[in-house]
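Every chain is numbered from 1 and lettered A, B, ... according to where its sequence line falls, protein lines coming before strand lines. Quantities reported herein were computed from a predicted structural model and do not represent experimental measurements. These numbers come from the heavy atoms of this one structure, side chains and all, not from hydrogens, waters or symmetry mates.
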Amino acid sequence: MIRLGLCCKFLRYPVAFRDATATAVLKLGRSEALQKLSGLCLHNANALHEALQFCADNGIGDFRVNSRILPLKTHPSAGYAIGDLSAADEIIERFREAGAFARNRDLRLTFHPDPFVVLNSPDPDVVVRSVAELEYQAEVAAWIGADVINLHAGGVYGDSRAALVRLRRTWRSLPSLIRRRLTLENDDRSYTPRALLPFCEGEGIPFVYDVHHHRCLPDGLSVDDVTARAMRTWDREPLFHVSSPRSGRCGGDPRPHADYIAPGDVPACWCGLNVTVEVEAKAKDLAVLRLRRWLLRQARVPR
DNA sequence: AGCGGTCAAGTTGAT
DNA sequence: ATCAACTTGACCGCT
């Protein structure tokens, strides 16, 4: 049975992560701002534990942690070090407890940084800020035992060969705290599996196969072939993504995600594999639970 | 309590 | 030129 993953948040189940805007935080004095941020981080550490409890109780084996779990952590003016927060010790302890819970209940944890994290940008400042963001997420990943920080390859800038050369150089320079967790995913604009798989195979980077992106931006490779090649890039359980198009496959933009997964959108060749499949669907927990019920029914009824 | 405007960041392609 | 999309709408100040 596939290990299903829930992404970041809940529609029905009453657990919510909190956030803050830089505008509001910067209106406060520094110590008041840190007080507010400390409270938000502690809330989010506890919310993560509750989220994992829900997953464990409902047969959801993977949870993607939202990039703003420590709000504004790397913001140029509102950012902070964890040690700046008055509840720092308690916050770290709560995250470690959530991580211990995940290990005990065989829950996998992942990160998926925002689209602003671009390792192959020709602008060195963008790369520096991106690495800083990855350092923050890797720090939290270490507390909770997350084994994946998944990224897109970035832009093309009119020359994909040069863009991949820059990506290779940056990738090789990353600290191991980041590098041992970093994975690359095909996107729906620039980097198809055909473009990215050779890079991942060459550099030993796990390839996250998003079959929806592949259907939006096809490259002549079959789902079966990409699945098999993607599996071989992993030294641990492979990670895939699935979603269904909101407006169907014919007419309209196929990229926006539907509320639920149409069962036919899960590749048949994935069933029976030991893989994690993160469900990217607007209905969140409801969508994962519905897909899980469908997969269980399929497993009982031989096809 | 509910509403609408706002929010740090990069890149792409449709309009 | 503007905008939505992307892994995720939530926050905030107003009524």
Side-chain angles (χ1 to χ4, degrees), chain A residues 5-11 15-28 36-37 39-40 43-44 47-48 51 62-80 109-134 136-137 146 148-160 163 166-167 183-192 208-210 212-213 216-217 239-243 245-247 251-259 276-285 287-288:
Chain A
L6 170 61
C7 297
C8 307
K9 62 177 302 216
F10 297 84
L11 189 64
V15 167
F17 296 92
R18 300 196 53 203
D19 199 1
T21 59
T23 314
V25 164
L26 290 170
K27 280 181 190 161
L28 306 172
K36 176 187 171 85
L37 291 163
L40 293 182
H43 170 92
N44 286 350
L48 177 62
D62 169 282
F63 186 72
R64 180 189 301 174
V65 181
N66 124 46
S67 295
R68 304 184 61 122
I69 187 94
L70 304 185
L72 299 170
K73 176 71 170 64
T74 63
H75 188 279
S77 41
Y80 52 92
L109 290 163
T110 73
F111 285 81
H112 196 351
D114 288 332
F116 318 109
V117 175
V118 181
L119 292 183
N120 72 346
S121 174
D123 180 343
D125 292 338
V126 170
V127 178
V128 167
R129 285 194 294 272
S130 296
V131 173
E133 177 72 15
L134 291 175
Y136 136 59
Q137 297 195 21
V148 167
I149 299 175
N150 178 44
L151 278 184
H152 293 291
V156 171
Y157 314 93
D159 183 347
S160 73
R166 283 195 305 275
L167 183 61
T183 64
L184 289 175
E185 175 191 346
N186 61 300
D187 63 74
D188 56 18
R189 294 283 189 188
S190 306
Y191 291 94
T192 62
V208 173
Y209 180 30
D210 187 315
H212 176 63
H213 288 159
C216 292
L217 184 65
L239 174 62
F240 299 156
H241 290 175
V242 73
S243 38
R246 183 197 298 159
S247 49
D253 189 343
R255 289 172 297 146
H257 295 165
D259 290 342
T276 301
V277 175
E278 289 182 338
V279 173
E280 296 180 338
K282 295 293 183 190
K284 297 294 164 188
D285 44 331
V288 181

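Using a 4.0 Å heavy-atom distance criterion, A:Glu278 is classed as making no nucleic acid contact. A:His241 comes within contact range of no nucleotide atom at all, as no heavy-atom separation falls under 4.0 Å. When heavy atoms are screened at a 4.0 angstrom cut-off, A:Thr74 is found touching base atoms of the nucleic acid. Counting non-hydrogen atoms under 4.0 angstrom, A:Val156 reaches the backbone sugars and phosphates but no base. Counting non-hydrogen atoms under 4.0 angstrom, A:Phe111 reaches nothing in the nucleic acid. Within 4.0 Å of A:Asp114, counting heavy atoms only, lies at least one base atom of the nucleic acid.
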Working note: A:Val25 + A:Thr23, criterion side-chain contact (heavy atoms from CB on, under 4.5 Å); need CA distance, chi angles, decisive distance, verdict.
CA-CA 6 Å; A:Val25 164; A:Thr23 314; over 6 Å; no
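When the C1' atom of C:dT8 is taken as reference, atom CZ of A:Arg18 falls 17 Å away, rounded to whole Å. Here the P atom of nucleotide C:dC6 and the CD atom of A:Glu280 are 9 Å apart, to the nearest Å. The separation between A:Lys9 atom NZ and C:dA10 atom C1' is 8 Å, rounded to whole Å. Rounded to whole Å, the distance from OH on A:Tyr80 to P on B:dA8 is 14 Å. The separation between A:Asp188 atom CG and B:dT12 atom P is 13 Å, rounded to whole Å. Atom NZ in A:Lys27 sits roughly 9 Å away from atom P in C:dC12 (whole-Å rounding). Between the CG atom of A:Leu26 and the P atom of B:dT6 there is a distance of 18 Å, given to the nearest Å. Atom CG of A:Asn120 and atom P of B:dT12 are 9 Å apart (whole Å).
The side chain of A:His213 sits closest to C:dC6 out of B:dT11, B:dG13, C:dC6. Nearest to the side-chain atoms of A:Lys282 among the listed nucleotides B:dT11, B:dA8, C:dG9 stands C:dG9. Residue A:Val118 has its side chain nearest to B:dT11 when only B:dA8, B:dT11, C:dT8 are considered. Taking the side chain of A:His75 as heavy atoms from C-beta on, and the options B:dA8, C:dC6, B:dT12, the nearest nucleotide is B:dA8. If you check B:dC7, C:dC12, B:dG10 against the side chain of A:Lys36, the one that comes closest is C:dC12. Counting only heavy atoms from C-beta on, A:Lys284 has its side chain closest to C:dG9 among C:dG9, B:dT12, C:dC6. Candidate nucleotides C:dA10, B:dG10, B:dG13 were compared by shortest atom distance to the side chain of A:Arg129, and B:dG10 ranks first.
Looking only at distances, a side-chain donor or acceptor of A:Lys73 sits under 3.5 Å from a matching main-chain atom of A:Tyr80. Of the possible donor and acceptor atoms, one in the side chain of A:Lys284 sits under 3.5 Å from a partner among the backbone N and O of A:Cys7.
A donor and an acceptor atom, one from each side chain of A:Glu185 and A:His241, are located under 3.5 Å apart.
Residue-to-nucleotide proximity on DNA chain C shows that, of A:Ala20 and A:Cys7, the 5′-proximal contact is made by A:Cys7. Each of A:Ala24 and A:Asp210 has a nearest nucleotide on DNA chain C; the 5'-most of these lies closest to A:Asp210.
Using a 30° and 60° split on the angle between ring planes, A:Phe240 and A:Tyr209 fall in the perpendicular class, above 60°.
Put simply, A:Ser121 has a side-chain N or O that comes within less than 4.0 Å of OP1 or OP2 on B:dT11. Regarding contacts with the backbone of B:dC7, every side-chain N or O of A:Arg68 stays at 4.0 angstrom or more from both OP1 and OP2.
When Watson-Crick and G-U wobble pairs are counted only if both distances are under 3.5 Å, C:dT8 pairs with no nucleotide at all. Across every strand in view, B:dA9 sits unpaired, with no contact that passes the Watson-Crick or G-U test at under 3.5 angstrom.
C:dG9 and C:dA4 have their C1' atoms separated by 15 Å, with the value rounded to a whole Å. For the P atoms, the distance from C:dC3 to B:dG5 is 14 Å, rounded to whole Å. Taking atom C1' in both C:dT8 and B:dC7, one finds a spacing of 14 Å when rounded to whole Å. Taking atom P on both C:dG13 and B:dA8, the two are 13 Å apart, rounded to the nearest angstrom.
By the 5.5 angstrom centroid cut-off and the 30-degree plane limit, A:Phe116 is classified as stacked against the base of B:dA9.
Partner of A:Glu280 under the side chain to side chain donor-acceptor pair (under 3.5 Å) criterion, chosen from A:His112, A:Arg64, A:His212: A:Arg64.
Going from atom CG of A:Leu134 over to atom CZ of A:Arg129 covers 13.5 Å, rounded to the nearest 0.5 Å.
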